[in-house]
Amino acid sequence: MTWDIRDKQVVLTGGNTGIGKATAEELCRRGARVVITARDAAKGDAAVASIRATVPGAVIDWRPLDLTSRASIEGCAATLLEELEAIDVLVHNAGLILSDRREAEPGVEATFMINHLGPFLLTRLLERRLIESAPARVVVVASAAHRRARGGLDFEDLQATRRYSGELVYSRSKLANILFTNELARRLEGTGVTANSLHPGVVATNFTGDGDATGLWRFFFRFLRPFLKTPDQGARTSVHVACEPSIVGVSGAYFSDSKRATPSAFARDEDAARRLWAASEALLDG
Ligand SMILES: NC(=O)c1ccc[n+]([C@@H]2O[C@H](COP(=O)([O-])OP(=O)(O)OC[C@H]3O[C@@H](n4cnc5c(N)ncnc54)[C@H](OP(=O)(O)O)[C@@H]3O)[C@@H](O)[C@H]2O)c1
């Protein structure tokens, strides 16, 4: 089986800025057709205009998606299924850290929803089209921050109702990204659709901006900006996992600096991956 990103149809969430926009731009440069999502129309328009101006002939558009809203996720999936005959690559890139506990849907904590449950639902809604498009790839932007989720996921309190720490909840959501990817890879075995996760590096983006995070994280991202990766550098591992022909058939792997890496022991826990999948389904069914 071979893999060439040219003319492949990519869907990439959170593509209006940061790592996502840089990834979308590079994928356009390499000849992919790209649909990014944005939660704000002006930002979606601006990102598409900017990429079209930078990459002559770029085939790119945007569609609305707010991962805090189940209706928005279902609406976005319906639009994509109507408009795209094939989905060859699905990149889950959108994500954030929140300093205060908020609920997205009743009973569902916002970081968990935006970083894990929303991407889980979107994948399930697009799964059939991905399989029909095989060979296809699901790429999940996780983070080395998953290592800070010491003790793993708290299945007794996935919605962080007892105690809320933005950093811990974010780290757990990134651990959830890897567990989800691994279980997805297991379930998609034999379909020709692979699923891999990655750490993009520490990247100077809007991450922790918009008043989303306070304290150390905000300080870290604001004052160490000159020493961090640029968004273009931060996009490299996402681009690698989406484009690289030599990883055809590789699934359930974790990448960092465009190389295979070993995530934490908690991220490799197959029981936890199955349990998270069941809990996510139950939340959506309940
Ligand atoms: N920056 C780093 O050092 C770093 C390190 C490890 C992992 N990551 C991961 O990399 C990914 C991209 O982050 P970034 O650094 O590029 O951050 P960013 O510049 O803040 O971009 C995040 C993207 O996610 C979108 N988003 C946020 N909330 C959303 C929602 N409710 N619904 C839909 N989209 C939403 C944002 O849209 P708006 O523009 O409308 O807010 C934006 O497009 C995230 O998953 C993050 O966890 C980043």
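Counting convention: from 1, in listed order, for ligands and their atoms alike. Keep in mind it's a predicted model, so treat the numbers as computed, not measured.
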Show which atoms of ligand 1 fall inside a sub-4.0 Å distance from at least one heavy-atom site of [X].
X: V141; answer: 9 (C), 10 (O), 11 (C), 45 (O)
X: S143; answer: 6 (C), 7 (C)
X: T68; answer: 31 (N)
X: P200; answer: 5 (C), 6 (C), 7 (C), 8 (N)
X: T17; answer: 19 (O), 21 (O), 39 (O), 42 (C), 43 (O)

Under 3.5 Å: donor-acceptor pair, side chain of R147, backbone of S171: no
Regarding [atom]: of the candidates [options], which has the closest heavy atom?
atom: atom 3 (O) of ligand 1; options: N177, V203, N93; value: V203
atom: atom 7 (C) of ligand 1; options: P64, A142, G95; value: A142
atom: atom 39 (O) of ligand 1; options: N16, T111, D66, V140; value: N16
atom: atom 14 (P) of ligand 1; options: L228, T205, I97, L198; value: T205
atom: atom 35 (C) of ligand 1; options: A110, A94, S69, G44; value: A94
atom: atom 48 (C) of ligand 1; options: I19, L98, T23; value: I19
atom: atom 33 (C) of ligand 1; options: D40, T13, L96, L65; value: L65

Applying a 4.0 Å heavy-atom criterion (strictly less than), which segment of [X] is in contact with ligand 1: side chain, backbone, both, or neither?
X: I114; result: side chain
X: K229; result: neither
X: K43; result: side chain
X: N115; result: neither

For residues Y170 and F207, establish whether the separation of their ring centroids is below 6.0 Å. yes
With ring centroids as reference points, do H146 and Y254 lie under 6.0 angstrom apart?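 Distance test on ring centres: under 6.0 Å, yes.
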Do N115 and T111 meet the criterion of a side-chain donor-acceptor pair at a distance under 3.5 Å?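 No, because no side-chain N or O of N115 sits under 3.5 Å from a partner of the opposite role on T111.
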Geometry only, no angles: is [X] polar-contacting ligand 1 at N/O separations under 3.5 Å?
X: H199; answer: no
X: L67; answer: yes
X: G14; answer: yes

Cation-pi, W3 ring and R137 (6.0 angstrom, 45 degrees):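 Yes, a cation-pi geometry holds between R137 and W3.
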Sub-4.0 Å heavy-atom approach of K174 to ligand 1: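 Checking ligand 1 against K174, which is what was asked, there is a heavy-atom contact under 4.0 Å.
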Does G201 come within less than 4.0 Å of ligand 1, judged by its heavy atoms?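 Contact check G201 vs ligand 1: positive.
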Inspect the contact between E83 and R63 and indicate whether a charged nitrogen and a carboxylate oxygen are less than 4.0 angstrom apart. yes
Salt bridge or not for R29 and E25, using N-O below 4.0 Å? yes
Return each pair, listed once, that meets salt bridge (charged side-chain N to carboxylate O under 4.0 Å, His left out) where at least one residue sits in residues 275-286; pairs must be two or more places apart or across chains. R124-E281, E156-R275
Measuring only between side-chain heavy atoms, which start at C-beta, is C28 closer than 4.5 Å to V59?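 The answer is no; the side chains never approach within 4.5 Å.
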Going by heavy atoms in the side chains, are L188 and S251 under 4.5 Å from each other? no
Euclidean distance, E103 CD relative to M113 CE, rounded to 0.5 Å: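 Here the rounded value is 11.5 Å.
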Distance-minimising heavy-atom pair for E244 and S246: OE2-OG, 2.7 Å
Would one find more than 12 heavy atoms of other residues, nucleotides or ligands at under 6.0 Å from atom CZ of R128?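 12 or below, so no.
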